[in-house]
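Okay, so here's the structure we're looking at.
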Number of protein chains: 2
Amino acid sequence: MHTHEHQFDLEKKIAEFETRCRQKGLRITPQRVAVYKALVGTDTHPTAEEVHKMVRQDIHSISLDTVNRTLLTLAEIGAAFQVEGTGQPRRYDGGLENHQHFRCISCGQIVDFHYDPYENLHNPGQVLENCTILRKTVYLEGLCGECSDTPA
Amino acid sequence: MHTHEHQFDLEKKIAEFETRCRQKGLRITPQRVAVYKALVGTDTHPTAEEVHKMVRQDIHSISLDTVNRTLLTLAEIGAAFQVEGTGQPRRYDGGLENHQHFRCISCGQIVDFHYDPYENLHNPGQVLENCTILRKTVYLEGLCGECSDTPA
DNA sequence: TTACTAAATAGTATCTACTCCTATTTATGA
DNA sequence: TCATAAATAGGAGTAGATACTATTTAGTAA
């Protein structure tokens, strides 16, 4: 793909993003667009601080708090999402038998479950050729029973 | 299962744990055993602070730092593990196409990959009946190419 | 048993990721 | 252009985790 096409894609995505903001009643601020642009323009799964560094090159005075808030907003409107489980205090599991985790994004609780078809998945080939896979789980996120009943 | 059998299981697990410690050249301290016991005796995927609270009932003076160190040790020797992704600063992903994540437990980098058989997995029934599943991914952990070559 | 030594611990200080608060600025709709 | 609610900058506060140091202790060997 040529740079020219990349450029086009990016502009298209930004236009879509702005539309989505309007739909959700969110204002289109330079900071918001800059954060979105930085995030979509990378494949490194950056932390807020890393995004802050990138965006500062365009908007010198943007605060880390704004980047944090904006990233949360992006996740809320579905324009981005958080990498599985990150941002939570470390949680430990003493159960070594095969099982999978469901995490409630509202209250944070982790629920164990076992579902046979999720066991013994094949390793992907090619793409992760050089990687040593030590653990492989199906990870679900959503709302637990209690939090479904009483939406915040 | 009866309480009596539970008790038996626990003692058996502790015995195995002590054997494993000896194999790895780790000392068997009351603190270490108490942390292990607390973790194996619950299915709540506790944080270090939660474990600290539990263990304090037995060992009043145990420090939070010891609990933290011990939990890391348990994970290192394979007597427990950390719930997927937790304990990492929040990381964001602007790629909304279907894809999966591999995380290097050594350097922390997240690698995107796509592997067809991992898409369109069925939802588990029964166990998570009351939960609303919003996201479903296969999550791999291990060592990336660079970190495999130069083990710490 | 006793004495020795490296490992482990308690307690504290420090660091980092993140959120909260307040005054100021700004995007949007009238 | 004006009014106003939303968003922002900057800094204070908080929580989770790590680093440091002096002290204690488990395991070993006399």
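Lettering of chains follows the sequences in order, A, B, ..., and the numbering in each one begins at 1. This structure is a prediction, so every number in the text was calculated from the model and none was measured.
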Side-chain donor/acceptor pairs under 3.5 Å, residues 132-139 of chain A, sequence neighbours excluded:
| unit_1 | atom_1 | unit_2 | atom_2 | d |
| --- | --- | --- | --- | --- |
| Thr132(A) | OG1 | Ser148(B) | OG | 3.1 |
| Arg135(A) | NH1 | Gln82(B) | O | 3.2 |
| Arg135(A) | NH1 | Glu141(B) | OE1 | 3.1 |
| Lys136(A) | NZ | Leu121(A) | O | 2.5 |
| Lys136(A) | NZ | Asn123(A) | OD1 | 2.7 |
| Thr137(A) | OG1 | Glu84(B) | OE2 | 2.8 |

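- In this structure a side-chain-to-backbone donor-acceptor pair under 3.5 Å is present from His114(B) to Asn98(B).
- Non-hydrogen atoms lying under 4.0 Å from DNA chain C are contributed by nothing in residues 42-57 of chain B.
- Residue Thr66(A) places none of its side-chain N or O atoms closer than 4.0 Å to OP1 or OP2 of dT8(D).
- Separating the OH atom of Tyr92(A) from the P atom of dG16(D) is a distance of 13 Å, rounded to the nearest angstrom.
- Taking a cutoff of 4.0 Å between a charged side-chain nitrogen and a carboxylate oxygen, Asp9(B) and Lys13(B) do not qualify as a salt bridge.
- Near DNA chain C, meaning a heavy atom under 4.0 Å away, there are no residues from residues 76-88 of chain A.
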The contact string for nucleotides 19-30 of chain C, one letter per nucleotide 5' to 3', using protein heavy atoms under 4.0 Å with B, S and - for base, sugar-phosphate only and none, comes out as BBB----BBS--
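- The number of heavy atoms from other shown groups lying within 6.0 Å of CD (Glu49(A)) does not exceed 12.
- Residue Arg56(B) holds its CZ atom at 9.0 Å from OG of Ser61(B), rounded to the nearest 0.5 Å.
- Residue pairs meeting the ring pair (Phe, Tyr, Trp, His ring centres under 6.0 Å) criterion with at least one partner in residues 55-94 of chain B, sequence neighbours excluded, do not occur; the list is empty.
- Applying the side chain to side chain donor-acceptor pair (under 3.5 Å) test to every pair with at least one member in residues 14-33 of chain B, sequence neighbours left out, gives no pairs at all.
- Phe113(B) has its ring centre no less than 6.0 Å from the ring centre of Phe102(B).
- In this structure, Ile62(A) places its CD1 atom 11 Å from P of dG10(D), rounding to the nearest Å.
- Minimum heavy-atom separation, Thr44(A) to Arg91(B): O-NH1, 4.0 Å.
- Distance Lys24(A) NZ to dA6(D) P: 17 Å, rounded to the nearest Å.
- Counting only distance, with no hydrogens or angles, the side chain of Thr42(B) and the backbone of Leu39(B) share no donor-acceptor pair below 3.5 Å.
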